[in-house]
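In what follows, chains are A, B, ... by sequence order, proteins preceding strands, each numbered from 1. This is a predicted model, so every value here is computed, not measured. Side chains are part of it too, since the values below use all heavy atoms of this structure and drop only hydrogens, waters and symmetry mates.
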Amino acid sequence: VVSWNSMIMSYVKAKNMASASELFNEMENRDTFTWNTMISGYVSASDMESAMKLFSEMKIPDSLSWNSIISGFAQAGKMKLALDFFQRMPQKTQVSWNTVIAGYEKNGGFKQAMELFFHMQAEGRKPDRHTLSSILSICAESADQHTGMQMHQLVSKLVIPDIPLYNSLITMYARCGAIYEARAVFDEMKPQKNVISWNAMIGGYASHGFAREALKLFESMKCCKMKPTYITFISVLSACAHGGLVEEGRSYFKSMVEDFGIKPRVEHFSSLVDLVGRHGKLEEAMEIIRSMPIEPD
RNA sequence: UUCUCCCGG
């Protein structure tokens, strides 16, 4: 049975649901793993019809089966259905709560997500990293610094933050314009900062008009032997554009291509155009636009 | 062997 399940799993991972279901139909001793594997395969293929069909044929769906279905509806943006299954689910697990909260977060149901978040705690269930990360995204997107700070307290109280959670905190503060708080989290990370942390922090400075701070941090990033990405340069160039740092901008653009081998994207070009255009060099701006390669993909 | 992620934020 286990080896059949593994084979089905391989087909599912290869997104070959036709072959997976062939095997599934030939199997005589299907267990819950088998069913769940198939359901999750249909869910990731966005085929909720088939997923639901299997789910309703199960005699006793376990929590993983339920969670897959909830996740599937959430990904499809059908939050009413997701919530409906969530409410009918007999033994909700931590993952169930996280799934439906993440679903509302993704679909802009911030209020519902927050309500569920408080609801789960009222039932004595502790938020974990997944929960908190969804809630922090909501605070970031809605620039709700007050809630964000409360969530920060909860993070410190409930979990040992991992790198993504730290990054969510930085992003949340940065989006709220709380640059100082963002920086405090950033510094707290000490050596475990990854590229995303650097990008989030530099982007935070850049988008709030702290051009020099952004560039300063970019320089320390390079000192730490951290490799910038195209995202980093979007922030760096936009910092230059907003700070009117024409020469620096040109030289960073050049360095991006020559030192780091990063292919310029439209975002980079638009900062560059902005930069030279705002300083009366319309000719040069036009020249850049004319020389822009068309991005194929 | 199966559930929380579309985005590097």
Side-chain angles (χ1 to χ4, degrees), chain A residues 1-13 20 23-24 27 30-44 46 51 54-55 58 61-77 82 85-86 89 91-107 113 116 120 127-141 148 163-176 182 185-186 189 193-207 226-235 262 265 267:
Chain A
V1 183
V2 172
S3 46
W4 280 75
N5 285 346
S6 307
M7 291 179 67
I8 292 182
M9 185 69 236
S10 320
Y11 281 129
V12 163
K13 278 204 294 201
L23 272 187
F24 179 80
M27 246 178 115
R30 296 183 280 222
D31 62 8
T32 309
F33 278 18
T34 325
W35 288 85
N36 287 346
T37 304
M38 288 299 294
I39 290 175
S40 91
Y42 284 127
V43 164
S44 51
S46 319
L54 287 190
F55 180 79
M58 283 182 84
D62 70 358
S63 64
L64 274 70
S65 330
W66 284 93
N67 291 341
S68 292
I69 293 295
I70 294 169
S71 164
F73 283 128
Q75 284 175 51
F85 278 85
F86 175 74
M89 181 174 179
Q91 320 261 23
K92 300 172 185 48
T93 65
Q94 181 75 33
V95 173
S96 319
W97 286 94
N98 292 346
T99 304
V100 72
I101 288 174
Y104 274 121
E105 184 260 316
K106 190 172 60 168
N107 293 292
L116 282 162
M120 87 184 271
D128 65 6
R129 290 184 185 131
H130 292 278
T131 333
L132 290 164
S133 146
S134 295
I135 297 296
L136 282 171
S137 298
I138 289 173
C139 298
E141 285 174 61
I163 297 174
L165 199 48
Y166 272 124
N167 292 343
S168 300
L169 282 168
I170 296 174
T171 302
M172 183 275 292
Y173 279 125
R175 285 250 227 277
C176 293
V185 174
F186 179 79
M189 290 180 76
K193 305 192 238 323
N194 66 11
V195 205
I196 299 175
S197 326
W198 287 92
N199 288 352
M201 195 62 233
I202 294 173
Y205 281 131
S207 60
M226 188 65 69
K227 268 209 176 46
T229 67
Y230 80 91
I231 305 265
T232 322
F233 277 101
I234 293 174
S235 301
I262 295 171
R265 307 197 179 197
E267 299 96 312

Sugar-phosphate, base or nothing in reach of A:Ser137, heavy atoms under 4.0 Å: base
Strictly under 6.0 Å, is that where the ring centroids of A:Phe24 and A:Trp4 end up? no
B:G9, B:C3, B:U1: which one has an atom nearest the side-chain heavy atoms of A:Ser6? B:U1
Taking atom C1' of B:C5 as reference, at what distance in whole Å does atom CG of A:Asn67 sit? 14 Å
Give one of base, sugar-phosphate or nothing for A:Ser168, where a contact means two heavy atoms less than 4.0 Å apart. base
Test of ring centre spacing under 6.0 Å for A:Trp198 and A:Phe186: yes
Distance, rounded to the nearest Å, where A:Ile234 contributes CD1 and B:G9 contributes C1': 12 Å
Proximal nucleotide (of B:U1, B:C6, B:G8) relative to the A:Asn5 side chain: B:U1
Could you check, using the six-membered ring where one of them is a Trp, whether A:Trp66 and A:Phe86 have ring centers closer than 6.0 angstrom? no
Counting the atoms with a prime plus P, OP1 and OP2 as sugar-phosphate, which does A:Ser40 contact under 4.0 Å by heavy atoms, base, sugar-phosphate, or nothing? sugar-phosphate
In whole angstrom, give the distance that lies between atom CG of A:Asn98 and atom P of B:C5. 9 Å
How close or far is atom C1' of B:U4 from atom CZ of A:Phe85, stated in whole angstroms? 18 Å
Which of B:G8, B:U2, B:U4 is nearest the side chain of A:Leu64? It is B:U2
A:Gln94 near the nucleic acid: base, sugar-phosphate alone, or nothing, with a heavy-atom cut-off under 4.0 Å? nothing
Just the rounded figure in Å: distance from P of B:U2 to NZ of A:Lys13. 7 Å
Under 3.5 Å: donor-acceptor pair, side chain of A:Asn98, backbone of A:Ile101: no
Can you tell me if the side-chain N/O atoms of A:Lys106 get under 4.0 Å from OP1 or OP2 in B:C5? no
